[in-house]
Amino acid sequence: MGISEKVGVTDKRQPAEPVPVPGCDVCASAYGDREPARTEGRSLTVLSCNGVIAGHPHGRGGRA
């Protein structure tokens with residue numbers, strides 16, 4: 001039994017990841033790369049894809 005169970009902590013939610021903007025090719029591509037990378041255990045690729053989605057200029061006057 002781990003410490004979480006001993007103290008009654010049961011919430012194991014992961015931090016929210018950026019969500020791709022519908023209709024954006026850049027976001028769709030990063031999302032398409034992120035999910036297989038997650039399945040294959042390539043965490044650096046997952047982080048990189050999250051960075052692309054989060055840093056893409058939607059809503060900041062940039063192009064889609």
Side-chain angles (χ1 to χ4, degrees):
M1 180 183 305
I3 189 70
S4 294
E5 292 83 11
K6 288 180 183 178
V7 295
V9 176
T10 58
D11 189 0
K12 297 180 180 179
R13 289 179 285 173
Q14 296 295 317
E17 290 186 318
V19 178
V21 173
C24 175
D25 292 341
V26 173
C27 290
S29 177
Y31 179 78
D33 292 341
R34 180 175 74 183
E35 298 314 307
R38 183 187 325 283
T39 301
E40 296 165 9
R42 296 182 291 129
S43 59
L44 290 178
T45 301
V46 172
L47 290 173
S48 177
C49 291
N50 284 342
V52 168
I53 295 169
H56 199 59
H58 295 292
R60 293 181 284 175
R63 294 186 303 178

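Positions are given from 1 along the sequence.
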Hey, which of Asp25, Asp33, Val26 is the one that makes side-chain contact (heavy atoms from CB on, under 4.5 Å) with Ser29?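 Among Asp25, Asp33, Val26, the one meeting side-chain contact (heavy atoms from CB on, under 4.5 Å) with Ser29 is Asp33.
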Working to the nearest 0.5 angstrom, can you tell me the gap between Arg42 CZ and Leu47 CG?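 Separation between the atoms: 12.0 Å.
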Nearest 0.5 Å please: distance from the SG atom of Cys49 over to the CD1 atom of Ile53.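 Output value for this atom pair is 6.5 Å.
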With a 4.5 Å cut-off on side-chain heavy atoms, are Arg34 and Pro18 touching?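 A side-chain contact exists here, since the closest heavy-atom pair is under 4.5 Å.
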Check: Val46 and Glu17 side chains under 4.5 Å, non-hydrogen atoms: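 Side-chain contact under 4.5 Å: yes.
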